[in-house]
Amino acid sequence: MADNRPNPLLSLRTARSRVEGLGAAHHGVEHWYTHRLSAIANIPLVISFVIIVASIAGRPWPEAVRVLQNPLVAILMGLMAISITYHMRLGLQTVMEDYVHDKMLKFAAGIANTFFAVLIAATCLFSILKISFGRLPLPPV
Amino acid sequence: MADTKAQLIRQAARPLSPHLQVYRWTWTMAMSIAHRVTGCALYAGTVLLAVWLLALASGPEAYGRVAWFFGSPIGYLVLFGYTWILMHHMLGGVRHLTWDTGVGFEPGTRIAMARLTAILSPILTVLIWVVAFVMR
Ligand code: HEM
């Protein structure tokens with residue numbers, strides 16, 4: 001997050017201008033805003049995800065792979081993976097700030113939250129790209 | 001003397017801020033809690049998405065194993081639950097986003113919006129499953 005506190009000995013900014021609009025945590029509304037932004041992005045992406053999964057459900061592997069190889073499907077799935085992992089990381093941070101008060105535990109939980117979100121995002125994106133570009137051994141049509 | 005007085009003040013039964021168990025349940029309160037619970041459940045559930053995509057990318061054997069699990073009674077239960085939770089959280093999210101614009105805070109509207117989340121989410125869930133089965 002943006003640390004808006006430069007060396008006060010070198011800065012000519014007044015104390016007031018350094019804190020204005022940032023609040024006690026010095027993050028301003030960044031967390032709130034990016035959470036809403038990802039929430040809005042989630043709506044069309046989750047709807048398309050549900051349609052994609054419903055159309056794949058119960059199909060054999062080659063057919064499922066061919067659906068995901070469609071560029072539009074692959075792009076939508078990739079965007080969804082990015083948007084939901086970003087959104088869920090911000091969301092769980094809020095939940096943890098409400099319930100975890102021990103300083104060390106809070107610190108560790110924050111790291112674990114980020115690691116989990118990045119791991120899920122990386123796994124999903126790797127898989128989507130491999131399905132599209134990985135020359136999977138599909139039977140001829 | 002001053003010490004004992006301070007002690008007395010500290011020991012006095014101080015009013016605590018009311019917590020969940022003393023509130024009368026309302027629709028908005030229930031749906032607020034549900035939004036948090038569903039958000040956390042979806043968080044954990046992303047493991048299923050990652051495993052499904054990884055299996056799909058790994059080949060027919062891996063996909064067969066994952067598809068077998070999702071096709072089992074427990075798998076169906078998990079997927080149906082996940083669909084419901086996802087729809088509930090999405091509708092709840094739309095409600096929150098609406099409120100974020102400052103709209104919908106009147107007593108009647110507020111409760112109607114919360115009720116709508118609870119009523120629409122199972123309907124959408126069943127609809128999705130019916131369509132998925134028809135498309136097979
Ligand atoms: C489908 C579209 C979605 C929308 C519109 C949406 C919207 C929202 C909104 C507006 C909030 C903040 C609620 C508040 O003000 O308290 C929120 C919280 C949250 N969301 Fe989502 N969300 C969506 C999908 C997801 C998904 C897929 C996940 C997880 C993978 C997720 C995880 C969370 C979590 C963990 C929270 C924090 C809960 C809390 O603070 O009580 N959301 N969501």
Spacing of OG belonging to A:S48 relative to CE belonging to A:M77, to within rounding of 0.5 Å: 8.5 Å
Rounded distance (nearest 0.5 Å) linking atom CG of A:N113 with atom CE of A:M88: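 Taking CG in A:N113 and CE in A:M88, the distance rounds to 7.5 Å.
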B:V94 with A:I40, same ILVMFWY side-chain cluster at under 4.5 Å: yes
Residue pair A:W32, A:H35: steps toward the ring-ring contact (aromatic ring centres under 6.0 Å, His included) verdict: CA-CA 5 Å; A:W32 185 90; A:H35 198 193; 9.1 Å; no
CZ/B:F105: more than 12 non-hydrogen atoms of other groups inside 6.0 Å: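 Yes, the 6.0 Å shell around CZ holds more than 12 heavy atoms from other groups.
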Under 3.5 Å donor-acceptor, A:R59 side chain and A:S55 backbone: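 Yes, A:R59 side chain to A:S55 backbone: donor-acceptor pair under 3.5 Å.
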Examine whether an atom of [X] lies under 4.5 Å from a heavy atom of chain A, and if so say whether it belongs to the side chain, the backbone or both; otherwise answer neither.
X      : answer
B:V47  : both
B:L54  : both
B:H35  : neither
B:L79  : neither
B:M90  : side chain
B:W129 : neither
B:S58  : backbone

Using non-hydrogen atoms and a 4.5 Å limit, figure out which bit of [X] sits close to chain B: side chain, backbone, both or neither.
X      : value
A:L119 : neither
A:D98  : side chain
A:L68  : side chain
A:L136 : side chain
A:M96  : neither

Among the listed options A:V46, A:V95, A:T123, the residue most often paired with chain B at heavy-atom distances under 4.5 Å: A:V95
Plane angle bin for A:F116 and B:Y43 - parallel if under 30°, tilted between 30 and 60°, otherwise perpendicular: parallel
Max heavy-atom pair count under 4.5 Å with chain A, selected residue of [options]:
options                     : answer
B:P60, B:A132, B:G64, B:A50 : B:P60
B:L86, B:L49, B:D100        : B:D100
B:G59, B:C40, B:A67         : B:G59

Stepwise side chain to side chain donor-acceptor pair (under 3.5 Å) test for B:T117 and B:R95: CA-CA 8 Å; B:T117 309; B:R95 192 184 71 240; 2.8 Å; yes
Nearest non-hydrogen partners of A:R89 and A:A117, listed with the distance: CB-CB, 3.8 Å
For A:V73, the option from A:L76, A:N70, A:I75 that meets side-chain contact (heavy atoms from CB on, under 4.5 Å):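 Checked A:L76, A:N70, A:I75 against A:V73; only one passes side-chain contact (heavy atoms from CB on, under 4.5 Å): A:N70.
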